Number of protein chains: 2
Amino acid sequence: MSRQLTEMLKGTLEGIVLAILSGRPAHGYEITAWLRAHGFADIAEGTVYALLVRVERRGLVDVRKVPSEKGPPRKVYSLSPQGRKDLDEFWKTWAFLAEKLQRLRKGDK
Amino acid sequence: MSRQLTEMLKGTLEGIVLAILSGRPAHGYEITAWLRAHGFADIAEGTVYALLVRVERRGLVDVRKVPSEKGPPRKVYSLSPQGRKDLDEFWKTWAFLAEKLQRLRKGDK
DNA sequence: ACTGGTACCTAGCAACACCGAATAGTTGCG
DNA sequence: CGCAACTATTCGGTGTTGCTAGGTACCAGT
């Protein structure tokens, strides 16, 4: 992984995961697979699980244990009301930063 | 500072500073002032100086000590060839991430 | 018995931005 | 003169984050 992308993901990965969950509930393995399939080829699996633990502890997601036919039971996460608020905030913050960077790129130096 | 913006700045602040330097050489205090004037009102001063030390150690910038009429001597930073390469990479990485997020925002979940 | 896919977890690490403070030179004001 | 205010840089300690590199567990097919 490039150092730059690693650093940029700090802060955005959480938003990305919340955004995924805003569409539908999902479990960790599924989220990892989604990321891999959508261009984030080498996000470490452990990273996703650690992130989910964090957002759960903060009350941004609700968890439901669901038995799986294959392998150990799944932990299915869904966005909580607080998580929805956080996601809103995330998009605002992202928009702010994206706007600044766009200007900067166009020579506003 | 919002926690979210703080985390998002990780990785991007370095790109922002390099982008500023790509326009013209500048010293730390000046860069801080520029940031404050352009919407990044509460980026800690110490943060900028620490960042400059890092990019200098990595060879992304050249430094020139210039006596100031006011206060201690300035350290004027300018983008090195390596820094220009890094800045290019930064924009590519940013574009990658921005594209992913844009899709995500538009319901590609 | 063994491989491979599913599914989750953990400890230790490095990088980054923040906070709070210190240092040092110059100008201006009471 | 003394002291605030501005210029300009540095530093130690903190918390959050993603990565590395494993481990655990369950099941199906060979």
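Note that these values count all heavy atoms, side chains included, but never hydrogens, waters or copies made by symmetry. Here the structure is a predicted model, which means the values were calculated and not measured.
Each of A/R3 and A/G71 lies near DNA chain C, and the nucleotide nearest A/G71 is the one positioned closer to the 5' end. For the pair B/Y77 and B/K70, nearest-nucleotide mapping onto DNA chain D gives the more 5' position to B/K70.
Using a 4.5 Å cut-off between side-chain heavy atoms of Ile, Leu, Val, Met, Phe, Trp and Tyr, with links allowed through other members, A/V55 and A/V76 fall into different hydrophobic clusters.
Listed pair B/Y49 / D/dT10 fails the phosphate criterion, with no side-chain N or O lying under 4.0 Å from OP1 or OP2. For D/dT9, the OP1/OP2 oxygens have no side-chain nitrogen or oxygen of B/K65 closer than 4.0 Å. Not one side-chain nitrogen or oxygen of A/S68 sits closer than 4.0 Å to the OP1 or OP2 atom of C/dT6. The phosphate of C/dC8 has neither OP1 nor OP2 within less than 4.0 Å of any side-chain N or O from A/Y29.
Rounded to a whole Å, the CD atom of B/E45 is 14 Å from the C1' atom of D/dA5. As rounded to whole Å, 13 Å separates atom P of C/dC8 from atom CZ of A/R64. Rounded to whole Å, the distance from CZ on A/R36 to P on C/dA7 is 14 Å. Straight-line distance from the NE2 atom of A/H27 to the P atom of C/dT6: 10 Å, rounded to whole Å. With rounding to whole Å, B/R74 atom CZ is found 13 Å from C/dT26 atom P.
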Heteroatom pairs (N/O) under 3.5 angstrom, protein to nucleotides 17-20 of chain C:
residue : atom : partner : partner atom : Å
C/dA17  : OP1  : B/L9    : O            : 3.0
C/dA17  : OP2  : B/R54   : NH2          : 2.3
C/dC18  : OP2  : B/T47   : OG1          : 2.9

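Remark: side-chain polar atoms of B/T32 are not paired, donor with acceptor, to backbone N or O of B/E45 under 3.5 angstrom. Although no hydrogens or angles enter the test, the distance criterion places a donor-acceptor pair under 3.5 Å between the side chain of A/Q4 and the main chain of B/D86.
Each end of the helix from C/dA1-D/dT30 to C/dG30-D/dC1 gets its own rotation axis from five pairs of C1' atoms, and the angle between them is 10° to the nearest 10 degrees.
When heavy atoms are screened at a 4.0 angstrom cut-off, B/R58 is found touching the sugar-phosphate backbone but no base atom.
Classification of B/R3 and B/E7 as a salt-bridged pair fails, no side-chain N sitting under 4.0 Å from a carboxylate O.
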